Amino acid sequence: MKYYIIAGEPSGDLHAANLIQALRQEDPALHARGFGGDKMKHEGAEIVRHYRDLAFMGFWEVAINIRAILGHLSFCKKDILAYQPDVVILVDYPGFNFRMGEFLRKKNIRVFYYISPQIWAWHVSRVNKIKKWVNRMFVILPFEKEFYAHWNYEVDFVGHPLLDALQKLEHQPRFHEKNHLNEQPIIAVLPGSRKQEISRMLPVMLSASNHFPEYQFVVAGLSHLGTSFYHSFLKNNHTRLVIDQTYDLLKNAHAALVTSGTATLETALFNVPQVVCYKGSFFSYLIGRMLVKVPFISLVNLITGKKVVEELLQNQLTEKSLQAALTQILQNETREKMLEDYGFLRKQLGEAGASSRAAKLMVKYLSEGVKKTSAV
């Protein structure tokens, strides 16, 4: 069968790649095409747009880049119609994928959504739209099945694919030597995956290094952004940079400063105490404050239902507040409590195998002829 997959960021590329690998086990004749990245390409998908060209974050940023976004949407629609897939699999990335879903409904093309957008946090009424154009939704957080059931919509809970990614991980045995690091304990700095957010987050995150000379601060960089981009922030700082080694960095870290997003959950699964940071543009944050309906921003706190990690948001994110929060998680009592809560978090997520469970269900539904959406 022919699968068109749309993933618009690094985490989506990772999880879509693992899904493609699992789908091939169920459907050896699989052919995959779509928007994604190098990991999807490595699994044999034909990538027609790389996620690095789609990295627009926040309401304001989307508004000022609307021409480029509309161009990508137009290309994607034409490409799908030319490819004629058996199913389009949308992977998170709601700003883009919601528009695509509505288009696919009109064209009577079958749609699966893998990794639900976080509509439970804002615009919950969007469930009604999803019910109209998604044939099957595959969710990865334990509370999402109940959330959708409240809206009379049946979804499949498959578990979190991060557990699959970590299970397959092969660590670099000479991490310190390879990256010219000394023997001081490491504070990992995870500033995000988009240039806009990194430009806002990284300078203030690095300011904390001035107060902890007994630790070495190491930034997790991404090759698709280029090393020169990161070095523009590091030139007057003793902080080190590692590229495309985030998991190895977390494996060796004593604590972490993490931009809100999937990375907060990854950090917790590596058992690294963390401070969660977020700073958006003024207008994006203002709009977000009006729309967001949940008490926390980090997945760690949302899944456990309580404040496990400190969240420093917008004006709260300062050099002084970072110093205080980092000091806390370096103390034994706070560290031990956070690590205990991480254990509860892992139990909530269930066992590895999300990619395989999702793939089995997808092929099953396709072979049973899950009905296409009705054209309007």
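These numbers were taken from a predicted model, which means no experiment stands behind them. What's counted below: heavy atoms across the whole structure, side chains too, no hydrogens, waters or symmetry copies.
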*Determine yes or no for a side-chain-to-main-chain donor-acceptor pair under 3.5 angstrom, with E311 supplying the side chain and Y278 the backbone.*
no
*Quick check: are there more than 12 heavy atoms from other residues, nucleotides or ligands sitting under 6.0 Å from NZ of K251?*
no
*Do side-chain atoms of Q274 reach the backbone of T267 as a donor and acceptor pair under 3.5 angstrom?*
no
*Would you check if there is a donor-acceptor pair between the side chains of Q316 and S321 at a distance under 3.5 Å?*
no
*Going through the distances and angles, do N271 and R346 end up as a side chain to side chain donor-acceptor pair (under 3.5 Å)?*
CA-CA 10 Å; N271 241 23; R346 281 190 291 274; 3.1 Å; yes
*Are the side chain of K131 and the backbone of Y153 linked by a donor-acceptor contact shorter than 3.5 Å?*
no
*Show the numbers, then the answer: is there a side-chain contact (heavy atoms from CB on, under 4.5 Å) between L104 and Y4?*
CA-CA 12 Å; L104 295 169; Y4 200 99; over 6 Å; no
_I'd like to know if the side chain of Q323 and the backbone of H211 have a donor-acceptor N/O pair within less than 3.5 Å._
no
_Could you tell me if K195 sits above the aromatic ring of F229, with its cationic atom closer than 6.0 Å to the ring centre and no more than 45 degrees from the axis?_
yes
*For N152, look at atom CG and say whether over 12 heavy atoms of other residues, nucleotides or ligands are found less than 6.0 Å away.*
no
*Heavy atoms, side chains only, cut-off 4.5 Å: are S116 and Y148 in contact?*
yes
*Does M100 offer a backbone N or O that forms a donor-acceptor pair with the side chain of K77 under 3.5 Å?*
no
*Side chain of D13, backbone of G36: donor and acceptor closer than 3.5 Å?*
no
_Within-4.5 Å side-chain heavy-atom neighbours: L299 and L141_ = yes
*Say whether, by atom type as modelled, one donor and one acceptor occur between the side chain of Y342 and the main chain of F270 under 3.5 angstrom.*
no
*Examine Y93 together with Y51 and report whether their ring centres are nearer than 6.0 Å.*
no
*Answer yes or no: does atom CD of E154 have more than 12 heavy-atom neighbours from other residues, nucleotides or ligands under 6.0 Å?*
no
*Please answer whether the main-chain N or O of L190 pairs with a side-chain N or O of T259 as donor and acceptor at a distance below 3.5 Å.*
yes
*Is it the case that one hydrophobic cluster holds both F75 and V88, taking links as side-chain heavy atoms less than 4.5 Å apart, direct or via other members?*
yes
With a cut-off of 3.5 Å and sequence neighbours excluded, list every side-chain donor-acceptor pair involving residues 156-171.
residue, atom, partner, partner atom, Å
D156, OD1, R136, NH2, 3.4
D156, OD1, Y365, OH, 3.2
D156, OD2, R136, NE, 3.3
D156, OD2, R136, NH2, 2.8
D156, OD2, Y365, OH, 3.0
H160, ND1, L162, N, 3.1
D164, OD1, G353, N, 2.5
D164, OD1, A354, N, 3.3
D164, OD2, A354, N, 3.1
D164, OD2, S355, N, 2.7
D164, OD2, S355, OG, 2.8
K168, NZ, N18, OD1, 3.0
K168, NZ, Q21, OE1, 2.6
H171, ND1, D248, OD1, 3.1

_Plane angle bin for W133 and F98 - parallel if under 30°, tilted between 30 and 60°, otherwise perpendicular_ = perpendicular
*Which word best sums up how the rings of F138 and F112 line up, parallel for under 30°, tilted for 30 to 60°, or perpendicular for over 60°?*
perpendicular
*Any side-chain heavy atom of I6 within less than 4.5 Å of one from C76?*
yes
*Before giving the answer on side chain to side chain donor-acceptor pair (under 3.5 Å), spell out for Y247 and E266 the whole-Å C-alpha distance, their side-chain angles and the decisive distance to 0.1 Å.*
CA-CA 8 Å; Y247 286 175; E266 292 171 321; 2.6 Å; yes
_Atom CD of Q84 with >12 non-hydrogen neighbours under 6.0 angstrom_ = yes
*Would you sort out whether R194 and E9 count as a salt bridge (charged side-chain N to carboxylate O under 4.0 Å, His left out), showing the intermediate values?*
CA-CA 9 Å; R194 301 176 180 91; E9 50 200 353; 2.4 Å; yes
*Which pairs with one or both residues in residues 33-42 pass side-chain hydrogen bond (donor to acceptor under 3.5 Å, both in side chains), sequence neighbours excluded?*
R33-E46, R33-D79, D38-H50
_Tell me whether the rings of Y215 and F212 are parallel (<30°), tilted (30 to 60°) or perpendicular (>60°)._
perpendicular
_Passing candidate, side-chain contact (heavy atoms from CB on, under 4.5 Å) with I115, options L90, L19, V91, I89_ = V91
*Could you tell me whether the side chain of Q216 and the main chain of Q184 form a donor-acceptor pair under 3.5 Å?*
yes
*Checking S209 side chain against L206 main chain: does a donor-acceptor pair fall under 3.5 Å?*
yes
_Over 12 non-hydrogen atoms of neighbours within 6.0 angstrom of CD in E146_ = no
*Of all heavy-atom pairs between V127 and W151, which one has the smallest distance, and what is that distance?*
CG1-CB, 3.5 Å
